[in-house]
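One structure is given here, and the rest of the page talks about it.
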Amino acid sequence: MPQDSAAHTPSAESDPAGRLIDYPRRGGPTVLRILLGAQLRRLREARGISTEQAGYEIRGSHSKISRMELGRVGFKERDVADLLTLYGVTDPGDRATLLELAKEANTPGWWHRYGDVLPSWFEVYLGLEEAASLLRTYELQFVPGLLQTEDYARAVVRLGFSDASEEEVERRVQVRTTRQERFTSPGAPTLWAVLDEAVVRRPLGGRAVMRRQLRHLIEMSELPNVTLQLVPFGAGGHAAAGGPFTILRFAEPGLSDVVYLEQLTSALYLDKPTDVDTYMRAMNNLCITAARPDDTTRHLNAILNQL
């Protein structure tokens, strides 16, 4: 990229459609909502218009504008059209581009067909995961969903949903296997997983299931886009002792890093720089504490031989 390229980057006001028109549609509505919301915020701020004024224009509140700008809600085309008028976007081409994106942002992602078994707060994560170019995850109880075999995934699902029917169990497993497909496809994102040794020592699903899972982890670690590290018991306490977390990074500069923290009935999505920096430091410290990837592979083979 030319060194002076930043000097020629168009402002939101001079180029209302921004780079959104060229943004790849991977990630579905979640990412498009975030990108379009951010562009609407830039247009509003460029005009010096408050969220209260913008809310009044679309017969809503300032909190509705905030939710739209954060990509937390869908977009009504009428609302977007009214906001573009308020923000002085009159060029037919620019308006058409942004209104088309608003329509796309309301199109369901592939996971929509699993809505009967997926909570809405997790659907947000699936959209972010689909768009991420790098995922760094730390787990201390289960193998991450992106690295689970089908049998291991069934055992995890049955543990968390003991009353689930066999059909529901299989649908939940299908969601995980569908998510995994992207990581073995051309142009796959990077996955960097750090696991506490307890994850691979706990024989979830029984000995045979765990042996297959360990072999799968070893095979996945050989992929060029997958890095696997194990935090051995001997490492003692470490910076992320509080619980598992995932950091998602995106190639699109309009999307900031997101830290995902899953709870039993909800999830937290942190994108404030101070929060992200704290978790990034914890992740970096974990990677220093953990065994190197080649040592991790030897450790996994040793555990496999012991089972």
Side-chain angles (χ1 to χ4, degrees), residues 111 113-114 116-119 121-123 125-126 129 135-184 188 191-223 225-235 240-246 260-267 286 290-291 293 295-307:
W111 49 88
R113 64 180 181 272
Y114 295 100
D116 57 320
V117 296
L118 292 177
W121 51 264
F122 188 64
E123 291 186 30
Y125 173 78
L126 291 178
E129 181 182 270
L135 292 97
R136 299 182 67 180
T137 187
Y138 168 66
E139 279 288 350
L140 72 168
Q141 184 160 344
F142 302 119
V143 171
L146 292 172
L147 296 172
Q148 293 177 3
T149 63
E150 290 190 22
D151 286 339
Y152 185 93
R154 289 187 186 95
V156 173
V157 171
R158 289 184 179 121
L159 186 63
F161 302 91
S162 56
D163 296 331
S165 65
E166 284 304 306
E167 180 182 3
E168 180 180 340
V169 169
E170 289 307 309
R171 285 178 62 75
R172 291 182 181 277
V173 172
Q174 287 170 15
V175 172
R176 300 188 190 198
T177 57
T178 302
R179 289 166 57 199
Q180 293 170 3
E181 290 174 2
R182 183 176 170 227
F183 289 82
T184 54
L191 174 62
W192 190 345
V194 181
L195 311 183
D196 191 271
E197 186 173 344
V199 171
V200 294
R201 289 288 187 181
R202 185 178 294 108
L204 192 62
R207 179 174 176 271
V209 169
M210 199 62 204
R211 285 182 62 84
R212 286 192 292 271
Q213 178 62 71
L214 287 169
R215 290 194 194 97
H216 182 66
L217 285 175
I218 294 168
E219 292 170 1
M220 290 296 291
S221 70
E222 295 172 353
L223 295 177
N225 61 309
V226 176
T227 298
L228 187 62
Q229 289 185 267
L230 203 64
V231 180
F233 288 142
F245 63 94
T246 298
Y260 173 73
L261 303 170
E262 186 171 319
Q263 301 169 341
L264 285 177
T265 58
S266 62
L286 276 167
D295 290 334
T296 291
T297 301
R298 286 192 286 271
H299 203 134
L300 290 174
N301 274 302
I303 296 172
L304 177 61
N305 292 331
Q306 293 169 12
L307 277 177

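What you see below is based on every heavy atom in this structure, not just the backbone, and it leaves out hydrogens, waters and symmetry mates.
Using a 4.5 Å cut-off on side-chain heavy atoms (C-beta onward), L195 and L228 make contact. Contact of the R207 side chain with the M210 side chain is not registered, since no non-hydrogen atoms from C-beta on lie closer than 4.5 Å. Residues V194 and T137 are not in side-chain contact: their nearest non-hydrogen atoms beyond the backbone lie 4.5 Å or more apart. Taking 4.5 Å as the limit, every side-chain heavy atom of T184 sits out of range of all side-chain heavy atoms of N225. Inter-residue side-chain proximity for V226 and F183 is flagged as unmet; no heavy-atom pair is nearer than 4.5 Å. Looking at P203 and V209, their side chains never come closer than 4.5 Å, going by heavy atoms from C-beta outward. R154 places none of its side-chain heavy atoms less than 4.5 Å from the side chain of R172. By the 4.5 Å heavy-atom criterion applied to side chains, V175 and W111 are not counted as neighbours.
One finds the CD atom of Q148 at 9.0 Å from the NE2 atom of H216 (value rounded to the nearest 0.5 Å). L217 contributes atom CG, which lies 10.0 Å from atom OG1 of T297 (distance to the nearest 0.5 angstrom). Note that CH2 of W192 and CG of L286 are 11.0 Å apart. Values are rounded to the nearest 0.5 Å. Within the model, atoms CG of L118 and CG of L126 stand 6.0 Å from one another, a figure rounded to the nearest 0.5 Å. Note that CG of D196 and CG of L230 are 7.5 Å apart. Values are rounded to the nearest 0.5 Å. Distance CZ/R211 to CG/N305: 7.0 Å, rounded to 0.5 Å.
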Worksheet entry | Intermediate values then yes/no, side-chain contact (heavy atoms from CB on, under 4.5 Å), F233 and R201 | CA-CA 10 Å; F233 288 142; R201 289 288 187 181; 3.9 Å; yes
Worksheet item: After noting the C-alpha distance and the side-chain angles of R136 and T246, does the key distance pass the side-chain contact (heavy atoms from CB on, under 4.5 Å) rule?
Response: CA-CA 6 Å; R136 299 182 67 180; T246 298; over 6 Å; no
Item to complete: Step by step, work out the side-chain contact (heavy atoms from CB on, under 4.5 Å) result for T177 and E181.
Response: CA-CA 7 Å; T177 57; E181 290 174 2; 5.6 Å; no
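Shown here are the ring-ring contact (aromatic ring centres under 6.0 Å, His included) partners of Y125, two or more places apart in sequence or in another chain: F122, Y260. By the salt bridge (Lys or Arg N to Asp or Glu O under 4.0 Å) test, E129 is found to be paired with R179, residues two or more places apart in sequence or in another chain being considered.
The main-chain N or O of A291 is found under 3.5 Å from a side-chain atom of Q229 such that the two form a donor-acceptor pair. A distance-only check finds a donor-acceptor pair linking the side chain of Q213 to the backbone of L147 [under 3.5 Å]. Proximity of a side-chain donor or acceptor of E139 to a complementary backbone N or O of P144 within less than 3.5 Å is not detected. Using modelled atom types, no side-chain atom of S266 and backbone atom of Q263 make a donor-acceptor pair closer than 3.5 Å. Under a 3.5 Å cut-off, the side chain of W121 and the backbone N or O of T265 do form a donor-acceptor pair.
Taking all atoms of both residues into account, the shortest heavy-atom contact from R176 to A153 is CD-CB, 4.1 Å. Listed here is the closest heavy atom pair of R182 and A188: O-CB, 3.3 Å. V199 and L140 make their closest contact through CG2-C, 3.4 Å (heavy atoms, listed as atom of the first residue, atom of the second, distance). Nearest heavy atoms, A155 versus G205: CB-CA, 3.8 Å. The heavy-atom pair separating Y114 from T178 by the smallest distance is OH-OG1, 4.3 Å.
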Listing, residues 157-167 side-chain donor-acceptor contacts under 3.5 Å, not counting sequence neighbours, or none:
residue	atom	partner	partner atom	Å
R158	NH2	E166	OE1	3.0
S165	OG	E168	N	3.2

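With no hydrogens or angles considered, no side-chain donor-acceptor pair links R113 and Q174 at under 3.5 Å.
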